[in-house]
Amino acid sequence: MKNKISPSILSANFANLQTDIKLIEPYADYLHVDVMDGHFVPNISIGVPVVKALKKITKLPLDVHLMIDNPEKFIEPFANAGADIITVHVEAITDSNIFDKIHALGKKAGISLNPETSSDLITPYFGKVDMVLVMSVNPGFAGQNFIDVTDKIKLIRESFKRDIEVDGGIKLGNIKMVKDAGANVFVSGSGIFKTENPVETIKKMRELING
Ligand code: DX5
Ligand code: ZN
C-alpha cells in the first residue's frame, strides 16, 4: 500500500497560505484541510470558500477533514468547492447513507474516530469507505501531543485493507511507529510547518516510512 504524506495547513501561515503550500507541494501527496465548526470541536477554523480558493492554486488532492456537526448538510458544498477526499466523524453522523452520497458526488469517502472512540463503531462502515482516519489527538487544535493509538490502528488494519490515515501530533519521532502499526497516510501540521525546514522534514518523514 502506498505511503502518503498529507501536510495539515492548520499550522501554516494563514496570511500567506499560497506560499506555504507551494513550498511543500512537490513533496506532499495530499493537502490536509481541517474544517472546524465550534460545535463538534471547541474551535473554528475554515470552510467552503477557503477550499474553493485552495483548489485554484494547488494540484494536490484536497484531503478535507470535517470536524463538524451535521456533516450531511455540507457534503455537497465541499464537493463542489473541490474537496477530493471528504472525511466525516463517526461521532457526528446521523445518516448512514452519507458515504454513498460522497461517492455519488465523485469523491472519496473517509470515516474518522476520536482517540476515545472504539473501533467497533466504525466497523459497520468498512465496506463503504475508502479511508479510515484515526485521530491521535482530541480534535480541535494543532500542536497537541500524540496520544498512543497504535493498538487501535493495528486492530483496524486486521480487517480494513484500504487507506488508514493517522492525524494529530505526528512528527519525525513517531511517524515510523504509526506506520509499523499499519497506517499509510500521515497527517502532520506543526510537525512539518513549525520545523525550521519543512521540506527537509517531509523528506526525512518519507525516508522513515519508506526506508
Ligand atoms: C486536529 C486536526 C489535525 C491537526 C494536526 O484537530 O485534525 O489535522 O491540524 O496538527 P498537528 O500535526 O500539529 O497535531
Ligand atoms: Zn485533521
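Order of listing sets the numbers, starting from 1, for every ligand and every atom in it.
Looking only at protein N/O/S atoms, the ones less than 2.8 Å from the Zn ion (ligand 2) make 4 in total.
Judged by distance alone, with hydrogens and angles left aside, the side-chain atoms of Ser45 form a donor-acceptor pair with the main-chain N or O of Met36 at under 3.5 Å. Remark: the backbone N or O of Ala183 is not paired with any side-chain donor or acceptor of Glu165 at under 3.5 angstrom.
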Exercise for review: Assess whether salt bridge (Lys or Arg N to Asp or Glu O under 4.0 Å) is satisfied between Lys55 and Asp84, documenting all intermediate values.
Suggested key: CA-CA 10 Å; Lys55 193 68 187 172; Asp84 295 281; 2.8 Å; yes

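When only interatomic distances are considered, the shortest N/O to N/O separation between Asp167 and ligand 1 falls below 3.5 Å. Considering backbone and side-chain N/O of Gly143, one or more are found under 3.5 Å from N/O of ligand 1. Where the criterion is an N or O separation shorter than 3.5 Å, residue side chain and backbone included, Ser188 fails it with respect to ligand 1. Ligand 1 has an N or O atom lying under 3.5 Å from an N or O atom of Gly140, backbone or side chain. Ligand 1 has an N or O atom lying under 3.5 Å from an N or O atom of Gly189, backbone or side chain. Checked against a 3.5 angstrom limit, the closest N/O atoms of Gly168 and ligand 1 fall outside it. Inclusion of Ser190 in the set of residues having an N or O under 3.5 Å from an N or O of ligand 1 is warranted.
Contact between Lys171 and ligand 1 is absent, with no heavy atom of the residue lying under 4.0 Å from the ligand. The closest approach between Lys194 and ligand 1 stays at or above 4.0 Å for every heavy atom of the residue.
Using a 4.5 Å heavy-atom threshold, the side chains of Leu17 and Ile9 count as touching.
A salt bridge does not link Lys4 with Asp63: none of the charged nitrogens is closer than 4.0 Å to a carboxylate oxygen.
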